[in-house]
Amino acid sequence: MASTYFESRDYGQFIEQDFRHRWLRPNFLYDKLKKYEGHNLEIGEAGKSIEGRPIYKLKYGSGKTKVVLWTQMHGNEPTATMALIDFLNFLTKSDTYDSLRKVLFENLEITMIPMLNPDGAERFTRRNALDIDPNRDAASLAMPELRILTDWVEENKPEWAFNLHDQRNIFTVGTSDKSATISFLAASADLEKTMTPTREKSMNLISELAAVVEAHLPGHVGKYSDEFYPKALGEYFHKSKIPCVLIESGAYANDEFRDNARKMNFLCLVEGLAKIANNDIPVDAIEKYKAIPENSMNMLDVIIRNCTLNYKEQSLKADIGLLYKELPNFETNQLERKLYVQDIGDLQFHFAFKDLAGGHIDCSKSRPEFEKVANFEMTKEDGSMMQLAKGEIS
């Protein structure tokens, strides 16, 4: 199902072209938010992080139905923040979608909190300044970042929530060879995974959003296990009887900046909010939600297949799986992308964005070391050399 309320070919009109970061630091966001001052948005400071960085909230609309959405609860997950800026461009322009904007404005009150964890964003880490995972703080609410959000929730009692994340490159859709570019979840509210009316509302809306993504990226839509995590934020919302839609942005082939997932986030925001505003959510789509394949951890960035590892007097066969890690360099202020050895052994049931033919590795000179940066060389079958030095292939 293509989008009901938006023509995806028009997305290019709203992309913020100079806002394309993997290391999306707080000042990049703060400078960009200035662009929207004086438009049809209320922009204010919701509070401060542990290190005193501002956490902003933006409000659009004057309707009765309150919706809250947030990005970068984990500081190294920037894709939805970029999509949110594209969405702000959509909200603050005037064109053939003005009738949709009018419906959104009059029927909804949308509160957006971009970059809930700015200290983590500055460090490019999942955790906050005290190395605490905000998404495991929803039971104790010890950290100010989470309290900013939950205090607002307790005061305003929203009817819907959107919890926007990035996921690692390792996920495939079910047991297929397709990367999970977008994943969804309607979290459980208890250990029994009870099918509450709140969860059902989330599932019904997710089923519609999944169909939109499937129409654009066939086979790249998955969902997470609904295992109960009592300290997680999605569970907090569902225990509070507020439907919460979790959207995770993942990898796609030859897409380092996750542009495909960014576009899908934008489409999901427009479609999801429009359906809420128009009271256009099905009540019988739970089976469609259940039919979304559950993610597996079967994807790697590179697999070197059928290598011969020469060790002392032995020649042993193994595959070598490599995964990119993104590491901030505070001297250059650049994000470094390096290949690490993720696995060594039989990887015939794993898939990769890039498959390479194996050769001979003299382990007395250099060898792949598990969970370390890739530093080894391999003689290919044609006699040429493949060098992996400091996490780069040459």
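These values consider heavy atoms only, across backbone and side chains, with no hydrogens, waters or symmetry-generated copies. Quick note: residue numbers are just sequence positions, from 1. Because the structure is predicted, anything quoted here is derived from the model rather than measured.
- Side-chain contact check for L24 versus M115: some heavy-atom pair is nearer than 4.5 Å.
- Here K290 pairs with E287 in a salt bridge; the nearest charged N to carboxylate O distance falls below 4.0 Å.
- Using a 4.5 Å cut-off on side-chain heavy atoms (C-beta onward), N156 and T111 make no contact.
- The heavy-atom pair separating P230 from A139 by the smallest distance is O-CB, 4.0 Å.
- Closest non-hydrogen pair, N329 versus E331, comes out as OD1-N, 2.9 Å.
- When the options T198, V68, V153 are evaluated for a side chain to side chain contact (heavy atoms under 4.5 Å, CB included) with I242, the one that passes is V153.
- Within a 6.0 Å radius of NZ in K354, other residues, nucleotides and ligands contribute 12 heavy atoms or fewer.
- Of the N and O atoms on the side chains of T181 and N260, not one donor lies less than 3.5 Å from an acceptor on the other residue.
- Interatomic distance, L149 CG to M73 CE, rounded to the nearest 0.5 Å: 7.0 Å.
- The shortest side-chain heavy-atom distance between K317 and T308 falls under the 4.5 Å cut-off.
- The shortest distance between side-chain heavy atoms of L58 and P114 falls below 4.5 Å.
- Side chains of R123 and N117: no donor on one and acceptor on the other come within 3.5 Å.
- Evaluation of the side-chain hydrogen bond (donor to acceptor under 3.5 Å, both in side chains) rule for Y5 yields D280 as partners, not counting sequence neighbours.
- For the pair Q348 and D319, the tightest heavy-atom approach, listed with the atom from each and the gap, is N-OD2, 3.9 Å.
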Practice task
Give the C-alpha distance, both sets of side-chain angles, the deciding distance and a yes or no for ring-ring contact (aromatic ring centres under 6.0 Å, His included) between F171 and Y224.
Solution key: CA-CA 10 Å; F171 292 105; Y224 273 97; 5.3 Å; yes
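- For the pair E159 and K66, the salt-bridge criterion is not met [side-chain N within less than 4.0 Å of a carboxylate O].
- Under a 4.0 Å N-O distance rule, the pair E154/K157 qualifies as a salt bridge.
- Side-chain contact check for K178 and T172: no donor-acceptor pair (N or O, by modelled atom type) lies under 3.5 Å.
- Within the structure, ring pair (Phe, Tyr, Trp, His ring centres under 6.0 Å) contacts touching residues 311-330 (residues at least two apart or in different chains) are W23-F330.
- The structure places NE2 of H360 at 10.5 Å from CG of L309, a figure rounded to the nearest 0.5 Å.
- Atoms OG1 and CG, on T79 and L164 in that order, are 10.5 Å from each other to the nearest 0.5 Å.
- Atom NZ of K241 is surrounded by 12 or fewer heavy atoms from other residues, nucleotides or ligands within 6.0 Å.
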Practice task
Determine, stepwise, if the pair N89 / F19 fulfils side chain to side chain contact (heavy atoms under 4.5 Å, CB included).
Solution key: CA-CA 12 Å; N89 285 340; F19 197 66; over 6 Å; no
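- Closest heavy-atom contact between A251 and N169: CB-OD1, 3.6 Å.
- Atom CG of N279 is surrounded by 12 or fewer heavy atoms from other residues, nucleotides or ligands within 6.0 Å.
- The CD1 atom of I113 sits 11.5 Å away from atom CD of E145, with the distance rounded to the nearest 0.5 Å.
- Rounded to the nearest 0.5 angstrom, I85 CD1 and F90 CZ are separated by 15.5 Å.
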Handout entry: Step-by-step side chain to side chain contact (heavy atoms under 4.5 Å, CB included) determination, L322 to D301
Key = CA-CA 6 Å; L322 306 173; D301 286 305; 5.8 Å; no
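- Side-chain contact between L91 and M112 is present, with heavy atoms from C-beta onward closer than 4.5 Å.
- Contact of the H165 side chain with the N135 side chain is registered, since non-hydrogen atoms from C-beta on lie closer than 4.5 Å.
- One N or O on the side chain of K223 and one on the backbone of I292 form a donor-acceptor pair closer than 3.5 Å.
- Side-chain atoms of K275 do not come within 3.5 Å of backbone N or O of E208 as any donor-acceptor pair.
- More than 12 heavy atoms of other residues, nucleotides or ligands sit less than 6.0 Å from atom CE of M195.
- Sorted by first and then second residue, the ring pair (Phe, Tyr, Trp, His ring centres under 6.0 Å) pairs with a member in residues 28-57 read H21-F28, Y30-Y56; sequence neighbours excluded.
- Counting only residues at least two apart or on different chains, the ring pair (Phe, Tyr, Trp, His ring centres under 6.0 Å) pairs with a member in residues 225-265 are W70-F237, H220-Y252.
- Identified under the side-chain hydrogen bond (donor to acceptor under 3.5 Å, both in side chains) test for residues 374-386, with sequence neighbours left out: D382-S384.
- At a threshold of 4.0 Å, the pair D133-K231 does not count as salt-bridged, since none of the basic side-chain nitrogens sits closer than that to a carboxylate oxygen.
- For the residue pair N265/S249, the side-chain donor-acceptor check at 3.5 Å is satisfied.
- Partners of F162 under the ring pair (Phe, Tyr, Trp, His ring centres under 6.0 Å) rule, at least two apart in sequence or in another chain, do not exist in this structure.
- Partner of E214 under the side chain to side chain contact (heavy atoms under 4.5 Å, CB included) criterion, chosen from L209, I182, V221: V221.
- Under 4.0 Å is where a charged nitrogen must lie from a carboxylate oxygen, and between D166 and R22 at least one such pair does.
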Problem - Stepwise side chain to side chain contact (heavy atoms under 4.5 Å, CB included) check, L205 with F184 - result: CA-CA 11 Å; L205 180 54; F184 296 97; over 6 Å; no
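- Under the 4.5 Å side-chain criterion, counting only non-hydrogen atoms from C-beta, K325 is not in contact with K338.
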Exercise for the section: Take K263 and D86 through the salt bridge (Lys or Arg N to Asp or Glu O under 4.0 Å) test and state the conclusion after the steps. Expected result: CA-CA 9 Å; K263 179 179 179 179; D86 299 339; over 6 Å; no
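- Looking at S296, its side chain never comes within 3.5 Å of a backbone N or O of N298 through a donor-acceptor pair.
- Put simply, the side chain of R136 never gets that close to the backbone of A232: no donor and acceptor are under 3.5 Å apart.
- Taking 4.0 Å as the cut-off between side-chain N and carboxylate O, R127 and D137 do not count as a salt-bridged pair.
- When each of V103, L104, D98 is paired with R101, the side chain to side chain contact (heavy atoms under 4.5 Å, CB included) condition holds for D98 and for no other.
- Between F376 and L388 the shortest side-chain heavy-atom distance falls below 4.5 Å.
- By the 30° and 60° cut-offs, the orientation of the rings of F14 relative to Y97 is perpendicular.
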Handout entry: Full working for side chain to side chain contact (heavy atoms under 4.5 Å, CB included) between E326 and N76
Key = CA-CA 9 Å; E326 297 170 309; N76 59 352; over 6 Å; no
